[in-house]
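No experiment lies behind these values; they were computed from the predicted model shown. Numbers here simply count residues along the sequence, with the first being 1.
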Amino acid sequence: MAPHYIYVIKSEKDGRLYKGLSEDPERRLLSHNTGKVNSTKGFKPWSYPSFEEARAREVFLKSGKGRDFLRSLNL
């Protein structure tokens, strides 16, 4: 079974966030940006958060509160 990834992308049009799951997040982002996903086609272009935003989230998830948050998800 191929690994699955949880991803968050941000609309460059209005800043809304879309959360999803995919075996291939790069291909899925292309689907969002080419209008193939009905729920996101009106808010393109989409992008992954910046490196700084991703790094801040990583730091949070490695902190005590972040670990508590991940445990609460029952992963």
Side-chain angles (χ1 to χ4, degrees):
M1 178 191 262
H4 287 76
Y5 302 92
I6 297 168
Y7 66 92
V8 178
I9 54 178
K10 186 176 185 177
S11 170
E12 294 178 14
K13 182 176 182 178
D14 68 358
R16 74 180 59 212
L17 299 177
Y18 177 88
K19 288 73 69 184
L21 174 72
S22 177
E23 290 181 8
D24 186 348
E26 296 287 338
R27 180 182 52 78
R28 187 67 173 151
L29 177 61
L30 181 61
S31 294
H32 288 290
N33 281 325
T34 56
K36 294 180 181 174
V37 181
N38 285 334
S39 62
T40 61
K41 68 181 176 182
F43 308 101
K44 57 186 181 176
W46 293 86
S47 63
Y48 290 117
S50 68
F51 174 81
E52 292 78 15
E53 292 171 295
R55 178 69 175 127
R57 188 66 174 164
E58 177 192 20
V59 168
F60 168 74
L61 293 173
K62 289 180 176 182
S63 73
K65 287 184 180 184
R67 285 191 299 273
D68 291 343
F69 167 74
L70 290 172
R71 280 188 209 101
S72 76
L73 299 177
N74 295 317
L75 298 175

Would you say NZ of Lys44 has more than 12 non-hydrogen atoms from neighbouring residues, nucleotides or ligands within 6.0 angstrom? yes
List the steps and the verdict of side chain to side chain contact (heavy atoms under 4.5 Å, CB included) for Tyr48 and Glu26. CA-CA 10 Å; Tyr48 290 117; Glu26 296 287 338; 4.0 Å; yes
Name the residue from Lys62, Arg57, Glu58 that meets the side-chain contact (heavy atoms from CB on, under 4.5 Å) definition with Phe60. Arg57
Identify the two heavy atoms, one from Ser22 and one from Arg27, that lie closest to each other, and give their separation to 0.1 Å. OG-NH2, 4.4 Å
Kindly compute the distance separating CD (Glu23) from OH (Tyr5), expressed to the nearest 0.5 Å. 9.5 Å
Within this structure, what is the CZ-OG1 distance for the pair Arg16 and Thr40, rounded to the nearest 0.5 Å? 10.0 Å
Whether Trp46 and His32 hold their rings parallel, tilted or perpendicular, with breakpoints at 30° and 60°: tilted
N/O donor-acceptor pair under 3.5 Å between Lys10 side chain and Ser50 backbone: no
Rounded to the nearest 0.5 Å, how far does CG of Leu29 lie from CD1 of Ile9? 5.5 Å
Mark yes or no for whether Ser11, through its side chain, and Phe43, through its backbone, hold a donor-acceptor pair below 3.5 Å. yes
About how many Å separate CG of Asp24 and OH of Tyr7, when rounded to the nearest 0.5 Å? 10.5 Å
Shortest non-hydrogen contact between Val8 and Pro49, atoms and distance: O-CD, 3.2 Å
Is Arg71 paired with Asp68 through a side-chain N to carboxylate O contact shorter than 4.0 Å? yes
Considering all heavy atoms, the nearest Gly42-Lys13 contact: O-NZ, 3.1 Å
Nearest 0.5 Å, what's the NZ-CG distance between Lys65 and Leu70? 14.5 Å
